Amino acid sequence: MSRAPLWLRRYAALIRNAWLVDLQYRASIVLWLLWGVTEPAVALGIWWGIAGDGQVAGYARADFARYFFALMLVNQLTIAWDSWYLDGWIREGELNFRLARPLHPAHEAVAENIAYKARTAGMIVVVWLVVSLVWPAVRLPLAPGRWALTAAAVLLAAAMRFFISFTTGLLAFWTTRATAIMELHAGVSLFLSGRLAPLALLPPAVAAAAALTWFPYMLAFPVELLTGAAQGRAVVTGFVGQLVWLGVWIAAYHVTWTRGLRRYGAVGG
Amino acid sequence: MPPAITADRLSKTFKVKVRDPGLKGALRALLKPRYRDVHAVRDVTFAIEPGEIVGFLGPNGAGKTTTLKMLAGLLYPTSGRVAVAGFAPWGGGPAFKRRIALVLGNRQQLVWDLPPEETFQLNRAIYDIAEPDYRERLAELVALLDLGDLLQKPVRQLSLGERMKCELAAALLHRPPILFLDEPTLGLDVTAQEAIRRFLTQYRERYGATVLLTSHYMQDVTALASRVLIINRGRLLYDGALAALVARISRTKRIELVLADGVTREVLAGFGDVKEFRFPNAVLEVPREDAATTSARLLAALPVADLSIEDPPIEDVIRAAFAGGIELDEP
């Protein structure tokens with residue numbers, strides 16, 4: 001018998017609860033939305049000023065506008081807060097009842113992600129549509145094939161960022177500084193994942209170093225796919241990079257979860 | 001029928017980092033960490049039959065919760081064997097987890113910002129409970145626990161006692177045959193404690209559930225459990241009936257008197273150790289074997305309006321058990 005209906009019911013219930021909790025904190029939804037919009041808006045403002053009427057590394061003003069609108073959306077669709085949740089669960093002993101249930105705690109985390117992303121990204125799409133009515137620069141060319149590819153890349157990036165965040169959160173089994181490690185990761189990603197500027201603007205040596213890490217694949221690649229900046233070979237290497245790093249992070253998660261649980265089982269909560 | 005729960009020479013040793021106070025201590029711990037073994041549970045052996053309610057007693061840090069967590073599969077035993085409902089709890093998987101409920105009195109699974117019914121609905125999905133079963137069980141739990149209008153109130157607005165009742169309902173919707181309850185009445189007022197005890201008795205009677213509960217409140221144990229496990233410093237000190245323990249430990253009985261008139265403390269002292277004297281009430285403590293004869297002498301010699309012979313308070317007995325270290329073997 002198929003287990004699919006059971007899992008659908010479980011996810012529906014988990015997502016429903018996440019949304020119900022969200023509704024209790026309506027002001028914080030607005031604040032998080034503002035946070036999600038402000039950072040790319042500020043970066044766009046800076047590059048808009050620098051570009052003037054010319055180009056910076058092939059980016060004109062309109063290109064920057066499209067890039068940062070795409071970034072805003074892709075970031076909200078792929079961001080993961082799981083390390084903060086997990087750190088709390090582990091340190092406050094809230095992992096106990098979750099381990100006693102016949103459901104792996106990661107499912108709750110995945111459902112939280114879906115709930116958060118659907119809500120916030122939905123609002124950003126609306127903002128983008130409204131802005132594009134009055135500002136042609138941020139309009140995207142109609143390209144369903146490219147959008148479909150972007151959807152796949154966003155899914156892979158979201159999965160990767162989930163496993164990065166979840167795995168880092170699991171470090172709370174060993175250290176009380178798991179969230180600090182995640183903050184450090186976020187700090188590095190500011191530069192290497194394309195949050196502050198398109199990667200084409202990085203000094204060549206830094207860009208080459210970044211290409212050896214997972215950072216470009218968790219944000220910059222799907223953004224450039226959406227804007228059309230990634231073409232031909234770059235699309236293929238982008239997907240390959242995503243798959244490889246996703247595999248690495250899933251493996252890291254697996255090792256950390258198994259060992260962490262053993263340790264938890266050894267030292268207690 | 002095989003026992004519902006067995007623990008065979010179960011032990012758990014934690015490695016705990018030792019840190020001296022102050023900055024120097026922190027630095028030293030960072031550079032050269034030192035560890036110390038803490039034997040939380042040592043060679044604990046017992047078996048609990050299906051349908052039994054067993055009280056698990058011990059002071060703070062005795063090893064109660066550690067044992068409970070090993071039985072629920074959260075902790076991995078350092079040595080020894082455990083079987084719960086035929087499963088080895090660690091790695092027992094979903095099939096094992098459907099057979100147990102674990103309620104930790106100080107940690108809740110209810111979603112803080114939502115009414116309890118939302119957590120119930122979530123558990124319905126997690127445990128895959130069919131809708132008609134869910135409705136029937138919920139109605140039953142609402143009636144037994146007197147949840148009434150609590151289901152729609154956000155959890156954060158519930159009192160501690162109301163929360164614990166809802167917590168139990170959430171943990172029992174999948175109708176587990178084995179319950180591990182860690183301090184289920186902690187911090188509750190007397191009425192709420194009684195409601196929880198009444199409910200547990202009824203649940204056991206209806207479904208033949210096996211219950212292992214830890215508690216600081218002796219009333220929980222005297223009201224619910226005919227059998228107790230007493231643990232201290234990780235070792236099982238006693239496994240048996242509560243009444244037998246009292247008889248074994250306490251060498252004395254209390255004679256509670258209501259006096260008519262004209263009796264002084266000094267007069268009473270001739271009959272035994274006067275524990276309390278506030279006319280007309282008095283309490284005498286006498287050797288266990290002398291209780292009957294002393295009572296007869298009291299009735300003959302003094303104007304006694306009422307007399308009863310009691311065991312010492314169970315708290316005193318347990319305290320004596322922890323302090324004295326009783327032999328595990330039955331007499």
Side-chain angles (χ1 to χ4, degrees), chain A residues 1-26 28-29 85 88-105 107-108 111-112 115 173-177 257-269, chain B residues 12-17 35 38 40 65-66 68-78 89-104 106-115 118-129 131 154 156 167 170-171 174 176 180 182:
Chain A
M1 208 179 77
S2 167
R3 309 271 294 159
L6 167 64
W7 284 102
L8 278 178
R9 282 198 302 277
R10 285 176 164 177
Y11 267 83
L14 287 165
I15 291 170
R16 188 186 123 88
N17 266 16
W19 277 335
L20 286 173
V21 172
D22 281 346
L23 287 175
Q24 302 286 318
Y25 296 95
R26 289 180 289 272
S28 84
I29 294 180
Y85 289 125
W89 290 356
I90 292 169
R91 288 196 298 122
E92 316 273 325
E94 287 175 16
L95 191 63
N96 286 327
F97 77 81
R98 289 182 165 87
L99 289 176
R101 296 195 297 208
L103 179 78
H104 193 301
H107 290 294
E108 187 181 340
E112 290 269 353
F173 282 129
W174 291 271
T175 168
T176 53
R177 310 292 296 157
W257 174 255
T258 318
R259 297 211 174 161
L261 221 50
R262 277 264 169 185
R263 185 183 159 84
Y264 191 63
V267 303
Chain B
K12 181 74 196 174
T13 304
F14 295 123
K15 267 199 178 340
V16 179
K17 214 173 191 173
Y35 295 90
V38 174
T65 307
T66 304
L68 225 50
K69 284 181 174 176
M70 282 194 279
L71 296 176
L74 300 186
L75 293 184
Y76 190 75
T78 308
W90 182 268
F96 166 67
K97 290 170 185 175
R98 284 172 197 279
R99 285 176 174 75
I100 63 157
L102 172 68
V103 176
L104 302 169
N106 55 349
R107 291 276 171 260
Q108 56 160 19
Q109 65 162 318
L110 296 169
V111 183
W112 183 247
D113 294 303
L114 302 180
E118 302 299 344
T119 304
F120 299 167
Q121 285 283 359
L122 181 64
N123 281 2
R124 175 172 92 78
I126 288 177
Y127 288 92
D128 196 20
I129 304 167
E131 177 71 25
R156 63 175 130 80
E167 195 70 37
H174 63 289
F180 298 117
D182 191 21

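Keep in mind that what you see is a predicted model, and the values were worked out from it rather than measured. Reminder, nothing fancy here: chain letters follow the sequence lines and each chain counts from 1.
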Stepwise, does the side-chain contact (heavy atoms from CB on, under 4.5 Å) test hold for N96(A) with K69(B)?
CA-CA 9 Å; N96(A) 286 327; K69(B) 284 181 174 176; 3.7 Å; yes
Nearest non-hydrogen partners of L75(B) and Y264(A), listed with the distance
CD2-O, 3.4 Å
Is any side-chain heavy atom of R101(A) less than 4.5 Å from a side-chain heavy atom of N123(B)?
yes
Got E118(B) and V21(A) here, is their nearest side-chain heavy-atom distance under 4.5 Å?
no
dist N17(A):CG -> T119(B):OG1 (nearest 0.5 Å) comes out at 6.5 Å
Quick check for you: to the nearest 0.5 Å, what is the distance between K97(B) atom NZ and L99(A) atom CG?
6.0 Å
What part of Y11(A) is in contact with chain B, defined as an atom under 4.5 angstrom from a non-hydrogen atom: side chain, backbone, both or neither?
neither
For R98(B) against P102(A), the heavy-atom pair lying closest together
CG-CG, 4.1 Å
Heavy-atom closest pair, residues Q108(B) and F97(A)
O-CE2, 3.3 Å
Hey, could you give me the CG/CH2 distance between L114(B) and W19(A), rounded to the nearest 0.5 Å?
14.0 Å
Rounded distance (nearest 0.5 Å) linking atom CD of E108(A) with atom CD1 of I126(B)
7.0 Å
Within a radius of less than 6.0 Å around CZ of R259(A), do more than 12 heavy atoms belonging to other residues, nucleotides or ligands occur?
no
Given heavy-atom pairs under 4.5 angstrom as the criterion, report whether the side chain, backbone, both or neither of R16(A) touches chain B.
side chain
Could you have a look at D128(B), V103(B), V111(B) and say which one has the most heavy-atom pairs with chain A under 4.5 angstrom?
D128(B)
